[in-house]
There are 2 protein chains.
Amino acid sequence: MSTKRDNISLSVIRRLPRYHRFLHDLMLSGVTRISSRELSERMGLTASQIRQDLNCFGGFGQQGYGYIVEQLYDEISRILGVGNNLPTILLGAGNLGHAIASHMVFEDRGFHLIGIFDRDPKLQGQEINGIPISSGDCLEEFCKQNKPVVAILCLPRDAVFDIAKRLVEWGVEGFWNFSHFDLSLHFPNIVVENVHLGDSLLTLSYRVSEHRRQE
Amino acid sequence: MSTKRDNISLSVIRRLPRYHRFLHDLMLSGVTRISSRELSERMGLTASQIRQDLNCFGGFGQQGYGYIVEQLYDEISRILGVGNNLPTILLGAGNLGHAIASHMVFEDRGFHLIGIFDRDPKLQGQEINGIPISSGDCLEEFCKQNKPVVAILCLPRDAVFDIAKRLVEWGVEGFWNFSHFDLSLHFPNIVVENVHLGDSLLTLSYRVSEHRRQE
DNA sequence: TAGATTGTTAATCGATTAACAATC
DNA sequence: TAGATTGTTAATCGATTAACAATC
């Protein structure tokens with residue numbers, strides 16, 4: 001009943017967090033049971049898609065009845081690895097890095113932030129959420145001792161390649177990449193999740209301009 | 001030669017900023033001419049896809065020769081609307097909003113940031129990049145006078161719906177949405193570009209966990 | 001001209017939707 | 001049991017890749 005999982009497509013995976021979010025809200029509003037049809041209406045997609053997606057991982061529903069909200073939520077939490085607490089470091093505590101470190105709740109999403117690094121001596125010694133900002137000098141030592149699995153990259157583009165290369169050597173397996181550097185081209189065996197804010201903004205520019213053109 | 005454009009798919013649009021980026025880099029490194037094959041190798045996709053994508057908008061190449069880098073860059077800039085300077089406001093100047101306002105170069109990407117708003121009295125009066133943070137009270141007045149077309153939402157989830165509703169009434173046509181609120185469900189005729197950092201992080205969690213499982 | 005590479009049409013592949021038998 | 005809704009197979013749709021004639 002628990003896990004079929006066999007090369008799930010990225011399209012499916014990217015929908016899971018949204019299911020997770022909606023199920024969480026349903027729980028908060030006291031809904032205990034939901035059918036794929038009702039969930040599909042609330043989320044703006046098809047019931048078929050929901051059933052297909054969920055059945056990549058197992059049969060979580062019950063014919064004639066639907067899905068138990070809390071149970072489905074727990075299953076998706078487990079699938080997403082919410083309890084995994086992957087040891088994580090953040091590189092680059094400038095504007096963006098600082099905001100990410102203080103704004104995100106990592107613990108609820110499968111991560112445990114254990115270190116923050118920045119070259120700028122002015123930042124060193126400061127703390128974010130109780131984690132001190134260290135200089136890059138001690139990074140190798142830190143990695144060998146604490147074995148971070150994930151690194152968040154809020155560095156300027158030019159600094160990324162060198163640091164990423166070393167981090168991979170020291171055992172990092174995944175990057176949350178905010179820089180405009182195409183990491184996956186250089187590290188094909190590493191997981192890279194990009195947040196390309198500039199690309200997102202340009203996409204918005206195109207779409208708004210197009211939208212205005214059609215009026 | 002200039003613009004065919006006829007219901008371009010979002011998949012194509014989302015690749016344009018990346019082409020734009022790569023062409024920019026090529027220009028910087030002094031490359032003046034490139035074939036779809038060589039660009040495809042550098043970007044890690046197929047030559048076919050590049051030619052298909054570009055031909056949604058027009059025939060920018062030359063048989064037997066390839067593409068002139070600078071010319072193609074300019075065309076894509078124009079397609080993306082980089083010169084449009086859409087008047088834009090930012091709502092919510094907390095950690096994340098502050099970082100976005102100070103970190104992003106809006107002017108190079110089709111936007112012109114003209115106002116920042118936050119309810120917190122402590123922030124009011126402060127400036128980010130020369131733009132003062134105003135209270136929400138004057139928002140309606142401001143919109144009527146300055147007609148912002150785009151709004152960046154860095155607000156807590158619960159505040160989003162009400163503000164978005166009013167902004168749409170006052171003429172806003174597009175949102176850059178950092179909140180975990182599904183705007184597009186409520187405003188089907190508005191352009192919404194989501195940056196769901198939490199979803200991105202959960203996706204990373206899944207993928208890294210999966211990656212580790214397979215070793 | 002011959003060689004190269006585009007623009008475009010056709011073939012393939014993958015993702016979404018529809019349909020329905022299984023079953024709670 | 002009858003009604004409802006799942007899990008799953010089949011059909012459709014869209015996106016990517018391959019092929020090639022047009023042409024610089």
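Residue numbering restarts at 1 for every chain, and letters A, B, ... go by the order of the sequence lines. For clarity, every value in this text was computed on a predicted model and none was experimentally measured.
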_Residues B:Arg166, B:Glu169: salt bridge by 4.0 Å N-O rule_ = no

*Quick check: are there more than 12 heavy atoms from other residues, nucleotides or ligands sitting under 6.0 Å from CD of A:Gln49?*
yes

*asked:* Taking 4.0 Å as the cut-off, does a side-chain nitrogen or oxygen of A:Tyr67 come that near to OP1 or OP2 on D:dA4?
replied: no

*Under 4.5 Å between any side-chain heavy atoms of B:Phe142 and B:Phe117, yes or no?*
yes

*Whole angstrom is fine here: how far is it from CD1 in B:Ile50 over to P in D:dA15?*
18 Å

_Salt bridge or not between B:Glu193 and B:Arg14? Use side-chain N to carboxylate O under 4.0 Å._
yes

_Can you confirm whether more than 12 heavy atoms, excluding those of A:His103, are under 6.0 Å from its NE2 atom?_
no

*Are A:Glu173 and B:Arg207 ion-paired here, with the side-chain N under 4.0 Å from a carboxylate O?*
no

*Does B:Glu210 CD have over 12 foreign heavy atoms under 6.0 Å away?*
yes

*How does protein reach along nucleotides 18-24 of chain D, written 5' to 3' as B (base within reach of a heavy atom under 4.0 Å), S (only sugar-phosphate), or - (no contact)?*
BBB-BBB

*Nearest-neighbour nucleotide for the A:Asn55 side chain, D:dT8, C:dT16, D:dT17 considered*: D:dT8

*Between D:dC13 (P) and A:Gln49 (CD): distance, integer Å*: 16 Å

*What's the CG-P distance between A:Leu10 and C:dA15, to the nearest Å?*
9 Å

_Residue whose nearest DNA chain C nucleotide is more 5′ - B:Leu54 or A:Asp53_ = B:Leu54

*Give me the ring orientation class for A:Trp176 and A:Phe106: parallel if the planes are under 30° apart, tilted from 30 to 60°, perpendicular past 60°.*
perpendicular

*Consecutive-pair stems (3 or more, Watson-Crick or G-U, under 3.5 Å) for DNA chain C*: C:3-24 with D:3-24

*Determine the sole option in B:Arg18, B:Arg109, B:Arg21, B:Arg15 for which the salt bridge (Lys or Arg N to Asp or Glu O under 4.0 Å) test with A:Asp199 is passed.*
B:Arg21

_Walk me through whether A:Leu16 and A:Phe57 qualify under side chain to side chain contact (heavy atoms under 4.5 Å, CB included)._
CA-CA 11 Å; A:Leu16 294 180; A:Phe57 302 96; 3.7 Å; yes

*Given the rule in the salt bridge (charged side-chain N to carboxylate O under 4.0 Å, His left out) test, do A:Arg42 and A:Asp25 qualify, once you have shown the distances and angles that lead to the verdict?*
CA-CA 11 Å; A:Arg42 291 189 187 237; A:Asp25 293 351; over 6 Å; no

*Got a sec? Which of residues 30-45 of chain A come in under 4.0 Å of DNA chain D, heavy atoms?*
A:Arg33, A:Ser35, A:Ser36

